[in-house]
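A quick write-up on the structure given underneath.
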Amino acid sequence: MDAQIREAHAESIEAEVSRILSANAETTGFPYAPEPLKLKIERDGKLVAGLVGFTLWEWLYIQTLAVETDLRGQGLGRQLVLEAERIARDRNCHAAWVDTFTFQAPAFYTQLGYAPFGTLADFPSGQERIFLYKKLTTEPPQSDD
C-alpha cells in the first residue's frame with residue numbers, strides 16, 4: 001500500500017477522523033461525537049474573555065480559557081468556567097478536566113475545586129504542564145442496562 005503523510009487542515013480532516021473513530025462506540029458504548037462548547041464575554045462589543053472546549057463521553061474538557069490581562073482577577077474566568085460546568089451538567093457530564101501550566105493558572109483551577117492528576121515536566125522547558133479534574137455531580141453515571 002502506497003501511503004503519503006502530509007499536513008492536513010482541520011476542516012478537511014475532522015469529519016474523516018471522526019468516521020474512523022466511530023469504531024470506538026463498539027467498545028465504549030458512546031459514539032465519538034465531541035460537542036463544542038464556546039463561551040465569550042464582551043464589553044462594548046469587544047471580546048474580553050473566552051472559553052473553548054467540548055463535551056465528550058460524559059466529560060467536559062476545557063481546552064482554552066483566556067481573559068484580557070488588565071481584566072484578570074475580576075471573576076470573568078470564574079464565570080466562564082462555572083457556566084461551562086453548568087452546560088456540561090445539562091449535557092449529562094459527570095466530570096471535567098483541564099490542563100494548564102505552572103506559568104499560567106493552576107491555583108485558579110484548584111480554587112474552583114479541580115485536583116491535579118498528572119504533570120509533564122519540561123513542557124515547555126523549565127515549566128510543567130499540569131492536568132486537573134473535577135467531579136461535576138455526586139451521582140455516578142447511570143448505565144442504560
Side-chain angles (χ1 to χ4, degrees), residues 3 5-43 45-144:
I5 298 175
R6 59 184 183 175
E7 190 172 0
H9 296 284
E11 308 84 39
S12 65
I13 194 169
E14 285 179 357
E16 288 302 307
V17 169
S18 292
R19 180 189 57 77
I20 294 167
L21 290 173
S22 66
N24 289 340
E26 296 172 20
T27 303
T28 66
F30 296 99
Y32 180 79
E35 189 173 349
L37 197 157
K38 299 175 183 180
L39 302 171
K40 65 181 179 177
I41 297 175
E42 293 180 327
R43 288 195 178 158
K46 179 185 173 204
L47 178 74
V48 296
L51 181 147
V52 177
F54 59 85
T55 55
L56 175 67
W57 296 336
E58 300 177 330
W59 279 77
L60 163 65
Y61 172 53
I62 299 171
Q63 187 175 10
T64 305
L65 174 65
V67 177
E68 287 283 358
T69 306
D70 60 335
L71 297 176
R72 292 180 185 164
Q74 297 182 23
L76 300 179
R78 177 183 180 84
Q79 290 174 32
L80 289 168
V81 170
L82 294 178
E83 179 63 8
E85 292 174 358
R86 186 198 63 74
I87 292 168
R89 283 187 201 92
D90 287 349
R91 294 180 183 180
N92 297 314
C93 292
H94 62 87
W97 73 282
V98 63
D99 58 274
T100 189
F101 299 89
T102 47
F103 61 88
Q104 285 183 329
F108 168 80
Y109 290 105
T110 57
Q111 290 170 359
L112 289 174
Y114 285 76
F117 69 88
T119 60
L120 287 174
D122 288 324
F123 194 109
S125 186
Q127 302 289 330
E128 284 186 327
R129 188 172 187 175
I130 305 163
F131 298 84
L132 305 104
Y133 82 100
K134 177 182 179 179
K135 289 185 177 188
L136 298 179
T137 64
T138 56
E139 299 291 320
Q142 298 297 311
S143 169
D144 288 339

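Small disclaimer: the values here were computed from a predicted structure and weren't measured.
Summarising the geometry of E35 relative to R91, their closest heavy-atom pair is O-NH1, 3.1 Å, with the distance given to 0.1 Å. Looking at every heavy atom in both residues, A33 comes nearest to L56 through N-CD1, 3.6 Å. Among all heavy-atom pairs drawn from F103 and P124, the shortest one is CE2-CD, 3.6 Å. Between P116 and I130 the shortest heavy-atom distance is CB-CG2, 4.3 Å.
The residue from L39, L112, L76, V98 that alone fulfils the side-chain contact (heavy atoms from CB on, under 4.5 Å) condition with V81 is L112.
Remark: F123 engages F101, L120, R129 in a side-chain contact (heavy atoms from CB on, under 4.5 Å) (not counting sequence neighbours). With sequence neighbours excluded, the residues that form a side-chain hydrogen bond (donor to acceptor under 3.5 Å, both in side chains) with K40 are E42. Annotation: side-chain contact (heavy atoms from CB on, under 4.5 Å) contacts of A96 (sequence neighbours excluded): L60, Y114, L136. Partners of F30 according to the side-chain contact (heavy atoms from CB on, under 4.5 Å) rule, which considers only residues two or more places apart in sequence or in another chain, are T28, W57, E58.
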Practice task
List the steps and the verdict of side-chain contact (heavy atoms from CB on, under 4.5 Å) for K134 and W97.
Solution key: CA-CA 6 Å; K134 177 182 179 179; W97 73 282; over 6 Å; no
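Applying the side-chain hydrogen bond (donor to acceptor under 3.5 Å, both in side chains) test to pairs two or more places apart or on separate chains, those with a residue in residues 70-83 are E83-R86. Sorted by first then second residue, the side-chain hydrogen bond (donor to acceptor under 3.5 Å, both in side chains) pairs that include residues 116-125, not counting sequence neighbours, number zero.
Between F117 and Y133, the angle of the ring planes goes over 60°, which puts this pair in the perpendicular group of the 30/60° scheme.
Taking the side chain as every heavy atom from C-beta outward, F108 and V67 never approach each other to under 4.5 Å. Between L37 and Y61, every side-chain heavy-atom pair lies at or beyond the 4.5 Å cut-off.
Note that OG1 of T64 and CG of D99 are 9.0 Å apart. Values are rounded to the nearest 0.5 Å. Remark: I41 CD1 to L80 CG distance equals 4.0 Å, nearest 0.5 Å. L65 CG to Q104 CD: the interatomic distance, rounded to the nearest 0.5 Å, is 9.0 Å.
A side-chain N or O of T102 and one of Q127 form a donor-acceptor pair less than 3.5 Å apart.
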